[in-house]
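Input: a single structure, listed below in structure tokens.
Please read these numbers as outputs of a predicted model, since none were measured by experiment.
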Amino acid sequence: MTGPEPARAAIVTGGSNGIGAAIVRRLRSGGCRVAVIDSATGPEPAAADLVTLPCDIADADAVPAAVAAARDRFGPASVLVHCAAFQHVAPFDELTAADWQRTFRVNVDGAFHVLRAVLPDLRAAGDGRVVVLTSSSYYTPPVGMAHYIASKGALTGLVRGLSAELGAHGVTVNAVAPGLTRTANAVRNVPAAHFDRVRARQAIPRSGEPDDIAATVEFLVSPAAGFITGQTILVDGGESRL
């Protein structure tokens, strides 16, 4: 007679709020032990299956230590979700070099740093899962976000390339591209009229919720998704309809 499967260890970047926090809740409810790596951290709730590790993933020197701390707490990770992102809205001709660099340092370089640190554990797991949060803006681009869209396009390419490299090790690599989602931050900063315009373009006429995205991530890291890799799953209510 065999016992229950051991709990999987997961790392989620940007998991302290918004979509990332919804993903963390879903993974924990599914039995994962989750290490959150995030520069914006609040008081950590007391939980045996959760640890929050303050870290700026744009800092190449800080990331390996954060991943090592996650490994010390929960063992080698077999799930990595890259959700951390820097978003700044501005017309292209008003962007500063610092705006551009910060966008790519967090969104793209951050993914590189974390993936490099976690990759040996993902390979060793034999069924590792990587999910990268991109954006439906790559397919339905709004104005004032060219730099952000470019960074998400780079991540889309990274997912495609890595899926080819890691498939032989049983590791799947996929992207989830959310549309406009009713996070607390979006509700504070996005005009209600813009939510109305987006809903009017969608096939499903309601605003996306963080749990819509989290449910898709939960599926992609599950055993049921073991033959899906190199894909981008749009979760935008049919706004893009590719």
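Taken together through direct or relayed side-chain contacts under 4.5 Å among Ile, Leu, Val, Met, Phe, Trp and Tyr, V51 and V63 form part of one hydrophobic cluster. Residues L180 and V217 are members of separate hydrophobic clusters, defined by side-chain heavy-atom contacts under 4.5 angstrom among Ile, Leu, Val, Met, Phe, Trp and Tyr. Hydrophobic clustering (side-chain heavy atoms under 4.5 Å, transitive across Ile, Leu, Val, Met, Phe, Trp, Tyr) groups L166 together with V67. When hydrophobic clusters are built by joining Ile, Leu, Val, Met, Phe, Trp and Tyr residues whose side-chain heavy atoms come closer than 4.5 Å, directly or via intermediates, I233 is grouped together with I19. Both F92 and V108 belong to a common hydrophobic cluster when Ile, Leu, Val, Met, Phe, Trp and Tyr are linked at side-chain heavy-atom distances under 4.5 angstrom.
Side chain of R123 to backbone of H169: no donor-acceptor contact under 3.5 angstrom is found. The backbone N or O of P178 lies less than 3.5 Å from no partner atom in the side chain of D236, so there is not a single donor-acceptor pair. Here the side chain of D38 pairs a donor or acceptor atom with the backbone of G15 at under 3.5 angstrom. At distances below 3.5 Å, not a single donor-acceptor pair connects side-chain atoms of T13 with backbone N or O atoms of I37. R33 places a side-chain N or O within 3.5 Å of a backbone atom of F74 that can act as its donor or acceptor partner. At least one donor-acceptor pair under 3.5 Å links the side chain of T96 to the backbone N or O of D99. Looking at N174, its side chain does come within 3.5 Å of a backbone N or O of Q231 through a donor-acceptor pair. A distance-only check finds no donor-acceptor pair linking the side chain of S29 to the backbone of L27 [under 3.5 Å]. When atom types are taken as modelled, the side chain of Q202 and the backbone of R206 share a donor-acceptor pair closer than 3.5 angstrom.
Counting heavy atoms from C-beta outward, T181 and D212 have side chains that stay 4.5 Å or more apart. By the 4.5 Å heavy-atom criterion applied to side chains, N185 and N17 are not counted as neighbours. Residues V171 and L162 have side chains not in contact (no heavy-atom distance under 4.5 Å, counting atoms from C-beta outward). Using a 4.5 Å heavy-atom cutoff, the side chains of T156 and Y139 are in contact. Residues I213 and L133 form a side-chain contact, since some pair of their non-hydrogen atoms from C-beta on lies under 4.5 Å apart. Side-chain contact between L95 and H88 is present, with at least one heavy-atom pair separated by less than 4.5 Å. A 4.5 Å side-chain heavy-atom check between V198 and F195 finds every atom pair outside the cut-off. Proximity of L115 to L158: side-chain heavy atoms (C-beta onward) are separated by under 4.5 Å at one or more points.
Scanning for ring-ring contact (aromatic ring centres under 6.0 Å, His included) contacts around F104 gives W100, with sequence neighbours left out. Every side chain to side chain donor-acceptor pair (under 3.5 Å) that R26 has, sequence neighbours left out, goes to D211, E218.
In terms of heavy atoms, A77 sits closest to V118 at CB-CG1, 4.2 Å. Across every non-hydrogen atom of S207 and R199, the tightest pair is OG-NH1, 2.7 Å. When all heavy atoms of A7 and G31 are compared, the closest pair comes out as CB-O, 3.2 Å. Taking all atoms of both residues into account, the shortest heavy-atom contact from P142 to S137 is CD-CB, 3.7 Å. Between R71 and P76 the shortest heavy-atom distance is CG-N, 3.9 Å. The two residues G226 and T172 have their closest heavy-atom pair at O-CG2, 3.7 Å.
Within a 6.0 Å sphere centred on CD1 of I204, heavy atoms belonging to other residues, nucleotides or ligands number 12 at most. Taking a 6.0 Å sphere around CZ of R160, one finds it holds 12 or fewer heavy atoms contributed by other residues, nucleotides or ligands. Counting non-hydrogen atoms of other residues, nucleotides and ligands closer than 6.0 Å to CZ of R182 gives a total of 12 or fewer. Around the OH atom of Y138, the shell of radius 6.0 Å holds no more than 12 heavy atoms that belong to other residues, nucleotides or ligands. For R241, the CZ atom is densely surrounded, since the number of other residues' heavy atoms within 6.0 Å is greater than 12.
The distance from the CG atom of L234 to the OG atom of S135 is 9.0 Å, given to the nearest 0.5 Å. Atom CD of Q87 is separated from atom NZ of K152 by 8.0 Å, given to the nearest 0.5 angstrom. Atom CG in L220 sits 9.5 Å away from atom OG1 in T229 (nearest 0.5 Å). To the nearest 0.5 Å, atoms SG (C32) and CG (L50) are separated by 12.0 Å. Atom CZ of residue R105 and atom OG of residue S151 lie 13.5 Å apart, to the nearest 0.5 angstrom.
The only option from D121, D127, D49 that meets the salt bridge (charged side-chain N to carboxylate O under 4.0 Å, His left out) definition with R8 turns out to be D127. Each of I57, V12, V130 was compared with H82 under the side-chain contact (heavy atoms from CB on, under 4.5 Å) criterion, and only I57 meets it.
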